[in-house]
Amino acid sequence: MSTTEPPPDTYALLGPADIRELAAALGVRPTKQRGQNFVIDANTVRRIVRTAGVRPDDVVVEVGPGLGSLTLALLEAADRVVAVEIDDVLASALPATVQARMPARADRFSLVHSDAMQVTELPGPPPTALVANLPYNVAVPVLLHMLEHFPTIERTLVMVQAEVADRLAAGPGNKVYGVPSVKANWYADVKRAGSIGRTVFWPAPNVDSGLVSLVRRKEPLATSASRTEVFAVVDAAFAQRRKTLRAALAGWAGSAPAAEAALVAAGVSPQARGEGLTVEEFARIAESKPPETPPRNTPPSPSPSPSPSSLPTSKEPGA
């Protein structure tokens, strides 16, 4: 073989003609409803795997594998790959694609035919990495769901809409900092990891894409508040992001004065806004929530005294 030829496994990856041929054979047309844009460039999927730092001992979970472009590149590098696919046709076809193009690694591949938002367990060893081209319309909920339910995931690299990538990686004070930023940071250190052009997709999307890297915290955030309690504060703060926290958290705390008391106890200015707070500060606020005041038991009103005319009359003896 000529030294200028690519290694044999290069032919296993999918190119533009392969993607279109597979799609035509399956009668597949990418749908906006499911945010489907298939990667058609082998160099791009290899770049994603390289940027993700996939190791030979990794168990990688991939959400939304589509026709298998990224799946095959992951199988080249990881120990095992578990793909979660909701589409009936794509889910039924992917194992055959893996078997045909990478038979020596086919036993290292598993498919879960399900909505990723419903997945709480996966076959085989626990996953150590999440690498995915996430459907644009559900990217943030899916990402947060996977991080919540699979704490063994140490490293994540996701390709998402550029605007979503900016939001996920934004820090306090940034104009796009918001709920996704804080919640992602609850689990991990988050940063932008590159940009992806539109031409590597079929069909080409109308927006640019970005890579986001998330490395899980070595130790969970030090707080006595639960994730649910902290996220409730985050949701309330950004639901009315133009308002001060004293006003925005009034419903969460029970009243504006109660919100102010919680903020002062947490060392946060009641005049601050959510966009300026770190996840640690949101956790302190959650810890300081005043206990709910039980409704007062109002004593029953005394019964009205009967009027004299309503009293029974008794007859005199002998009458």
Side-chain angles (χ1 to χ4, degrees), residues 6-7 9-16 18-19 22 30 35-85 90 94 97-98 101-102 105 108-109 111 116 127-136 138-140 142-143 146-147 150 153-169 184 188-205 207-216:
D9 63 359
T10 296
Y11 300 117
L13 301 186
L14 298 172
D18 301 312
I19 292 290
L22 268 173
Q36 292 171 329
N37 296 91
F38 301 132
V39 181
I40 58 175
D41 181 62
N43 289 328
T44 297
V45 293
R46 279 220 172 100
R47 175 190 165 196
I48 291 170
V49 171
R50 186 171 60 249
T51 305
V54 176
R55 302 187 298 244
D57 61 344
D58 270 326
V59 178
V60 179
V61 59
E62 179 190 9
V63 176
L67 291 166
S69 301
L70 180 56
T71 311
L72 295 169
L74 288 168
L75 275 169
E76 283 185 336
D79 182 47
R80 295 178 180 276
V81 174
V82 182
V84 181
E85 177 58 64
L90 296 176
L94 187 54
T97 300
V98 171
R101 302 189 75 93
M102 208 171 282
R105 304 288 294 165
R108 299 284 177 166
F109 172 74
L111 180 104
T128 57
L130 167 64
V131 183
N133 169 24
L134 290 178
Y136 284 173
V138 292
V140 171
V142 167
L143 172 63
M146 298 301 288
L147 291 174
F150 299 97
I153 293 175
E154 302 166 353
R155 287 161 289 115
T156 294
L157 187 79
V158 292
M159 180 160 55
V160 295
Q161 188 174 335
E163 181 183 344
V164 175
D166 290 338
R167 288 177 182 170
L168 284 167
D189 294 321
V190 189
K191 67 178 183 179
R192 267 290 220 132
S195 299
I196 302 291
R198 305 179 190 192
T199 58
V200 303
F201 295 97
W202 175 68
V207 293
D208 294 324
S209 299
L211 298 175
V212 180
S213 166
L214 301 96
V215 178
R216 191 180 288 272

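No hydrogens, no waters, no symmetry mates; every other heavy atom, side chains included, goes into these values. Keep in mind that this is a model prediction, so the values were computed, not measured.
- Annotation: side chain to side chain contact (heavy atoms under 4.5 Å, CB included) contacts of A52 (sequence neighbours excluded): V54, V131, L157.
- Between I196 and F201, the shortest heavy-atom contact is CG2-CE1, 3.8 Å.
- Judged by distance alone, the side chain of R155 and the main-chain N or O of G53 form a donor-acceptor pair under 3.5 Å.
- Scored by the side chain to side chain contact (heavy atoms under 4.5 Å, CB included) test, D79 finds R108 as partners (sequence neighbours excluded).
- Under the salt bridge (Lys or Arg N to Asp or Glu O under 4.0 Å) criterion, the residue pairs touching residues 194-205 are R198-D208, with sequence neighbours excluded.
- Residues M146 and V142 form a side-chain contact, since some pair of their non-hydrogen atoms from C-beta on lies under 4.5 Å apart.
- The side chain to side chain contact (heavy atoms under 4.5 Å, CB included) check on E163 picks up Q161, R167, with sequence neighbours excluded.
- Considering all non-hydrogen atoms of both residues, S69 and I19 come closest at OG-CD1, 3.2 Å.
- Using cut-offs of 30° and 60° for the angle between ring planes, the W202 and F38 rings count as tilted.
- With sequence neighbours excluded, no residue forms a side-chain hydrogen bond (donor to acceptor under 3.5 Å, both in side chains) with R216.
- At least one donor-acceptor pair under 3.5 Å links the side chain of N133 to the backbone N or O of N37.
- Looking at every heavy atom in both residues, V45 comes nearest to A73 through CG2-CB, 3.8 Å.
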Evaluate T128 against R55 for side chain to side chain contact (heavy atoms under 4.5 Å, CB included), listing each step before the verdict. CA-CA 10 Å; T128 57; R55 302 187 298 244; 5.6 Å; no

Could you check I48 against L211 for side chain to side chain contact (heavy atoms under 4.5 Å, CB included), going step by step and ending with a plain yes or no? CA-CA 8 Å; I48 291 170; L211 298 175; 4.2 Å; yes

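- Residue R80 holds its CZ atom at 11.0 Å from CG of L75, rounded to the nearest 0.5 Å.
- The heavy-atom pair separating S209 from M159 by the smallest distance is CB-CG, 4.1 Å.
- Across all their heavy atoms, V190 and A169 have their closest contact at CG1-CA, 3.9 Å.
- Partners of T71 according to the side-chain hydrogen bond (donor to acceptor under 3.5 Å, both in side chains) rule, which considers only residues two or more places apart in sequence or in another chain, are E62.
- Distance CG/L134 to CG/L143: 6.5 Å, rounded to 0.5 Å.
- Looking at heavy atoms from C-beta onward, V164 lies in side-chain contact with L168 at the 4.5 angstrom threshold.
- Shown here for A188 and L214, the closest heavy-atom pair between the two residues is CB-CB, 3.8 Å.
- With contacts defined as side-chain heavy-atom distances shorter than 4.5 Å, the pair F150/L130 does not qualify.
- Residues satisfying the side chain to side chain contact (heavy atoms under 4.5 Å, CB included) test with L22, not counting sequence neighbours, are L14, L67, T97.
- The side chain to side chain contact (heavy atoms under 4.5 Å, CB included) with L74 is formed by just one residue from the set V49, V61, V82; it is V49.
- The shortest side-chain heavy-atom distance between L13 and R46 falls under the 4.5 Å cut-off.
- Listed by chain and number, the residues in a salt bridge (charged side-chain N to carboxylate O under 4.0 Å, His left out) with R105 amount to none (sequence neighbours excluded).
- Residues that satisfy the salt bridge (charged side-chain N to carboxylate O under 4.0 Å, His left out) test with R47, not counting sequence neighbours, are absent from this structure.
- The shortest side-chain heavy-atom distance between V98 and V81 does not fall under the 4.5 Å cut-off.
- Scored by the side-chain hydrogen bond (donor to acceptor under 3.5 Å, both in side chains) test, R50 finds no partners at all (sequence neighbours excluded).
- Among residues two or more places apart in sequence or in another chain, the side-chain hydrogen bond (donor to acceptor under 3.5 Å, both in side chains) test is passed with T44 by D41.
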